[in-house]
Amino acid sequence: MATTNPKLKAAVLVVSETASQDPSTDKCIPVLKKVFGDLGNDQWHVSETEIVPDNALAIQKTIRTWTDGPDPINLIVTSGGTGFATKDVTPEAVTPLIDRHAPGLIHGMLTTSYAVTPFALMARPVAGLRKKTLILTLPGSPKGAKENLEAVLKLLPHACIQAAGAESRPLHAGGVEKLEKDAGVSSAGTTTGTGCGHHHHGHGHGHGGHAGPRAHTNPEERPQSNDPSAGPTRRYRSSPYPMLAVDDALKLIAEQTPAPVVEHVPVDMRLSGSVLAEDVKATESVPAFRASIVDGYAVKIPFTGKFEKGVYPVTIVSHAQAGEVKELREGEIARITTGAPLPPGADSVVMVEDTVLKSLTDDGKEEKEIEILTDEIKPNENVREVGSDVKEGETILKKGEGVTVVGGEFGLLASVGTKEVSVYKKPVVGVLSTGDEIIPHNREGSLRLGEVRDTNRPTLITAARSHRFEVIDLGIVSDKPGSLEQTLRDAMRKCDVIITSGGVSMGELDLLKPTIERSLGGTIHFGRVNMKPGKPTTFATVPVKDNSGNPVTKSVFSLPGNPASAVVCFHLFVLPALHQQAGIKPLGLPRIKVILDEDVKMDKGRPEYHRALVVTKEDGLLYASSTGGQRSSRIGSFRGANALLAMPQGEGSLKKGEKVEALLMGKLGEVER
Ligand code: AMP
Ligand code: MG
């Protein structure tokens, strides 16, 4: 059957820092290709090879391109990065990609290589299926990789054909014996039809082979895997995600955040905080009629061009109200209020201050005659001409301009009667907390041992709303995998950006990353950031279909559970993303330079975002002082804080008087005088 079927596609992924820099140093690809050729019964075609450094994201990216496309590879073997050294991350990178594990294959590989050397147990192989592709992680030494692949290769076509979706019944029709025969193996452990005399022993624990334990690698080929000081459990206890610098994390967020979506909205009070997606032209002029700027008397200037002082009859009264106004004739004047329309024929307005009342009407209720005391009236004096504030057809606001809460932009739109505008749709934010220990903050009664009041959800909701984003409260989710998956799926129907907190550190119940990657098919863009607090901050995107079936991207920010960390990370990472998606510029909080008002300790290990109060002093400069203990669980360190000082990593302190950059979160304080 093997020769009549099209060949199965195999891919080799070498994980090696050295080989990724200089591909000529790689020996694994040729060795493994030869194994596929020699032992593969002509069933395999190695169609892809790639070399990546020991970097979880690079490994995952390569594997995904081979597994997630329309024409997936049947078998991926990786080589390298399965040891116990700190840099070895291949198992951690591959494990979350696997949908169904295949421990039998691991057992087969380990058994075979254990027969050769007990050091085989120092590898941490992973095997299983991602979608239709079988993935196996082989050791990094060419010999080890070769032996492991040889140990299982003949069994793999069957698995790969089934994984690719072939009906398994016909494959099994001849029973296990036929499968073994097709595979060229037998339960007796002898291989048939290879004729090339490899030392491999698929059946024993070292007791069936003709050779005693013998290392197949030279010590210099395996300098890390045997390092006893590394300790067997060390690797599992640290994150496989590379530690990103804050700026690199921000760059990734900016790259992955979906472009703003344009929507037409009515001009109403909900508009403030939005950014215009199109220029706006005035559909009306302001003022729409010639209006008086003062309270006084509208006059007509004779064609001589000179208005004479003297006593004039008041024949018209024009108030600031809608309605017709009679025409003003020469020699008459009209009493007029501020903002009222000038009577047709009127040229200018004389201020009430330049006049005196001369006589009243007979009933004593109205002015009859007024004396105008000045003759220095010019044409159009004290008159707002039609369109002198805004002309019909002129561009009043530009694409990209924000409708601020200061009021000017909204006022302009309102003044010309704009009914609808195009704006960038503000992303809808969903906020949830995770953790079986978390209870609603306002639950009655005292706490049971272990219970923690939900601090993050109400705090993050308040912070996002204060930046004028619509927020949906997604509640508290338990640490059970199903509930998190279900909540996130529901949330992605209603929200564009989801903020979670908790569940991203290394505890065994930390489910966020696996749920996003394995259950929701999302991509983790980073899982660790070099900062304090907030190291485990995780950012992912998940491709979904919107209600009309169009592909859209949802962002998930998984913030650390410790309240102070969650709030810092909201301001530092989430806010710029929300701004970008809403078309708001500049992104994120304003960055200002402040002078330290006291010594502030630096962290030896990481750059720190230090909660501080920034005030203006009489010299007009900005001064910062710490709000105290910066422990990440201590939300109280945010009390009274209006800024985050971007403290560099280092020994000792930055001294009073030194300048440091700060992110301004709230209103500037003032020193008491
Ligand atoms: P986790 O990342 O889930 O291990 O959480 C780290 C720490 O933050 C633990 O002490 C949690 O109890 C605490 N924590 C997690 N979520 C919240 C929350 N919503 N409110 C207050 N504390 C929390
Ligand atoms: Mg938790």
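Remember, it's 1-based here, ligands and their atoms both numbered in the order they're listed. In this chain, residues are counted from 1 in sequence order. Computed from a prediction, not measured in an experiment: that's the story for all the values here.
Under the rule for a side chain to side chain donor-acceptor pair (under 3.5 Å), T553 has no partner lying at least two apart in sequence or in another chain.
Proximity of a side-chain donor or acceptor of S478 to a complementary backbone N or O of K480 within less than 3.5 Å is detected. Remark: side-chain polar atoms of S653 are not paired, donor with acceptor, to backbone N or O of K655 under 3.5 angstrom.
More than 12 heavy atoms of other residues, nucleotides or ligands lie within 6.0 Å of NZ in K425, so this atom counts as buried by the packing criterion.
Residue pairs meeting the ring pair (Phe, Tyr, Trp, His ring centres under 6.0 Å) criterion with at least one member in residues 541-598, sequence neighbours excluded, are F539-F557. Screening residues 435-479 for ring pair (Phe, Tyr, Trp, His ring centres under 6.0 Å), with sequence neighbours left out, gives no hits.
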Using a cut-off of under 3.5 Å, which N/O atoms of ligand 1 pair up with protein N/O atoms, and what distance separates each pair?
residue	atom	partner	partner atom	Å
ligand 1	2 (O)	G503	N	3.2
ligand 1	2 (O)	S505	OG	3.1
ligand 1	3 (O)	G503	N	2.7
ligand 1	4 (O)	S505	OG	3.1
ligand 1	8 (O)	G561	O	3.3
ligand 1	8 (O)	N562	N	3.3
ligand 1	8 (O)	N562	OD1	3.4
ligand 1	12 (O)	E437	OE2	2.6
ligand 1	14 (N)	G561	O	3.2
ligand 1	19 (N)	S433	OG	3.2
ligand 1	19 (N)	D454	OD1	2.8
ligand 1	19 (N)	N456	ND2	3.3
ligand 1	20 (N)	T455	N	3.0

